[in-house]
Every structure is written in structure tokens, then in C-alpha cells.
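Values reported hereafter were calculated over all heavy atoms of this structure, with side chains retained and with hydrogens, waters and symmetry mates removed. Computed from a predicted model, the values in this text were never measured in an experiment.
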Amino acid sequence: MTRPIVYGVALGVFVCTTILTIVSILTPHWVSYSVTADTGSTFTKSLGLHKSCSSVDDPSCRPFPNDDDCRDDQFFCSMWRSSGFLISFATIVELATLITFLVVMAGGKYKRETGWKLIGCFLIADAAVEFASMGIVAYLFDTDSQFIIPGWSLDWSWVLCTVSASVSVLIAVSLAASAWLLPPEDDYEYLEDPEDA
């Protein structure tokens, strides 16, 4: 039987994973490139799901991928945009999961006894969407010709997405384990019969 404290801890951890997902969307550090010239100056370029930043461009950040990026490689642009869409969709699934957590926690003993299944499904769906998004970026990193040049690497926004998805799976497993392993929650106290006293 999953207890309120278990849901409370799971909700707290899930809020943290949601923040990780949002940060990974907003920061342009999914794939990065860094090289130091013989003169000692360092050139950096980082790609996010929706923008690209470079140490030599003015302004330093621009929308990504734009029409110039897609002129020669429509497949890359379609896949990169799909990844951005999926991770944005994951935030919607996470919002639905947060609402489900609150409804289950406020719903009483019966909802707590059975609500872990619905929350677990939302958590697994969230993780699947996030893993798909980061998998697309990893696939493009491994196969696209623009990343063949040494110096490119998957960066910390990609790691945040991976951690967020992994923790969502762990939360789902933890809720299921607590539902099966913890004894039933007692909402009632037995009163002594006045005649027995």
C-alpha cells in the first residue's frame, strides 16, 4: 500500500526531474564543439533544441535549425525538430503527471491504494518520450556528417534529459514496489466497547 509519505517524496523528486527537463529545453547545450587555436583563443559552438550559440557570431545565439541549416540536409533538420517537439511534449506529460499526483494524494485512502498505477503509466510515458528525444539527438550525433570533426560532444543538456527520464522510471518502480511491499494503511482506530471496560 503506497502511503502519503511515499507519494510526497515521489512528487518532490518528480518536480526536480521536471525542472531538469525544462532546463534542458531552455539551454543550448545538447551538442557542443570546442577547439583551441595555436594562438590560444578558444572557439566554441553549442547546439540546443531550438537555438545555436557560437563564440564568434554576433549575436552569439540564433534560432536553430534555420532555413540555411536545412538547405543541404532536410533529414537532419526534420529529426532535430522532432526531438525538440518530443521533449516539449514530455513537459505536457509531466504537467499531467503532476496533476495526477495531486489528485491521488488529495483523494483519500482508496485513490492512494490504486492511483500508483495511473501515476506509474504517466511516468513511464514521460520517460519513453524523453528517451526518444535524447535518442534522436544521440543518433544524429553519431551519424550526421557535421559532427565528424573531432571536438564535438554530447553536452550537459543531453545529460539532464537522460537523468530526468531515468529518474522517472525509478519513481515508477518505487511506487509499484511500495504498493506491493508496504502493509495497508490504517485510516481507522478501533474504539473499545464500553461494555468490555
Side-chain angles (χ1 to χ4, degrees), residues 13-100 121-172:
V13 173
F14 185 70
V15 167
C16 293
T17 65
T18 302
I19 292 169
L20 292 179
T21 304
I22 292 169
V23 169
S24 76
I25 293 170
L26 297 177
T27 54
H29 294 283
W30 279 71
V31 180
S32 295
Y33 177 76
S34 180
V35 67
T36 303
D38 294 336
T39 60
S41 61
T42 301
F43 169 75
T44 59
K45 183 173 183 173
S46 57
L47 304 178
L49 294 177
H50 305 291
K51 65 181 173 178
S52 169
C53 295
S54 171
S55 61
V56 296
D57 290 343
D58 187 32
S60 62
C61 294
R62 64 176 176 82
F64 180 82
N66 63 21
D67 292 338
D68 291 335
D69 299 316
C70 298
R71 187 167 294 127
D72 297 328
D73 195 354
Q74 285 294 324
F75 177 76
F76 172 82
C77 289
S78 296
M79 294 297 283
W80 195 270
R81 288 177 178 150
S82 295
S83 180
F85 168 78
L86 285 172
I87 198 73
S88 297
F89 179 69
T91 60
I92 295 169
V93 175
E94 288 173 345
L95 176 62
T97 306
L98 290 171
I99 292 169
T100 306
C121 288
F122 274 113
L123 288 166
I124 296 299
D126 171 50
V129 172
E130 287 189 71
F131 279 132
S133 178
M134 72 92 179
I136 289 171
V137 172
Y139 170 78
L140 291 173
F141 175 75
D142 286 340
T143 62
D144 197 76
S145 61
Q146 68 179 309
F147 301 122
I148 290 176
I149 301 168
W152 284 102
S153 63
L154 293 170
D155 208 353
W156 57 269
S157 292
W158 184 85
V159 172
L160 290 180
C161 178
T162 305
V163 169
S164 175
S166 301
V167 171
S168 291
V169 171
L170 290 175
I171 295 170

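Within a 6.0 Å sphere centred on CG of D142, heavy atoms belonging to other residues, nucleotides or ligands number more than 12. Around atom CZ of F76, more than 12 heavy atoms belonging to other residues, nucleotides or ligands sit under 6.0 Å away.
Closest approach of L86 and A132 over heavy atoms only: CD1-CB, 4.0 Å. In terms of heavy atoms, E130 sits closest to T21 at OE1-OG1, 3.2 Å. In this structure, D126 and F14 approach most closely via the heavy-atom pair OD2-CE1, 3.9 Å. Taking each heavy atom of R81 and P65 in turn, the nearest pair found is NH2-O, 2.9 Å.
The SG atom of C77 sits 10.5 Å away from the CZ atom of R71 when rounded to the nearest 0.5 Å. The line from OG of S32 to CG of D155 is 3.0 Å long, rounded to the nearest 0.5 Å. We find the CD1-CG distance between I25 and L20 to be 11.5 Å, quoted to the nearest 0.5 Å. One distance of note links CD1 of I22 with CD1 of I87; it measures 10.5 Å at 0.5 Å rounding.
Considering only heavy atoms from C-beta on, V15 comes within 4.5 Å of L98 through its side chain. L47 places none of its side-chain heavy atoms less than 4.5 Å from the side chain of F141.
When atom types are taken as modelled, the side chain of T91 and the backbone of S88 share a donor-acceptor pair closer than 3.5 angstrom. Formation of a donor-acceptor pair under 3.5 Å by the S133 side chain with backbone atoms of V129 is not found in this model. Using modelled atom types, one side-chain atom of W30 and one backbone atom of S24 make a donor-acceptor pair closer than 3.5 Å. Under the 3.5 Å distance criterion, the side-chain polar atoms of S41 are left unmatched by any main-chain donor or acceptor of A37. At least one donor-acceptor pair under 3.5 Å links the side chain of S164 to the backbone N or O of T17. Side-chain atoms of W158 come within 3.5 Å of backbone atoms of M134 as a donor-acceptor pair (strictly under, hydrogens ignored). S157 places no side-chain N or O within donor-acceptor distance of the main-chain N or O of P28, the cut-off being under 3.5 Å.
When each of F64, Y139, F75, F85 is tested with W80 by the rule ring pair (Phe, Tyr, Trp, His ring centres under 6.0 Å), just one qualifies, namely F64.
Ion pair R62/D68 not flagged as a salt bridge, since none of the NZ, NE, NH1 or NH2 atoms sits closer than 4.0 Å to an Asp/Glu carboxylate oxygen.
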- Give the C-alpha distance, both sets of side-chain angles, the deciding distance and a yes or no for side chain to side chain contact (heavy atoms under 4.5 Å, CB included) between L140 and Q146. CA-CA 9 Å; L140 291 173; Q146 68 179 309; over 6 Å; no
- Message: Show, in sequence, the C-alpha distance, side-chain angles and deciding distance for L49 and V137, and conclude whether the side chain to side chain contact (heavy atoms under 4.5 Å, CB included) test is met.
- Response: CA-CA 9 Å; L49 294 177; V137 172; 4.1 Å; yes
- Message: Test side chain to side chain contact (heavy atoms under 4.5 Å, CB included) on T42 and S34; report intermediate values, then the result.
- Response: CA-CA 7 Å; T42 301; S34 180; 3.6 Å; yes
- Task: Could you walk me through whether T97 and L123 pass the side chain to side chain contact (heavy atoms under 4.5 Å, CB included) test, one step at a time?
- Result: CA-CA 7 Å; T97 306; L123 288 166; 3.9 Å; yes
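The aromatic rings of W152 and Y33 sit tilted, their planes meeting at an angle between 30° and 60°.
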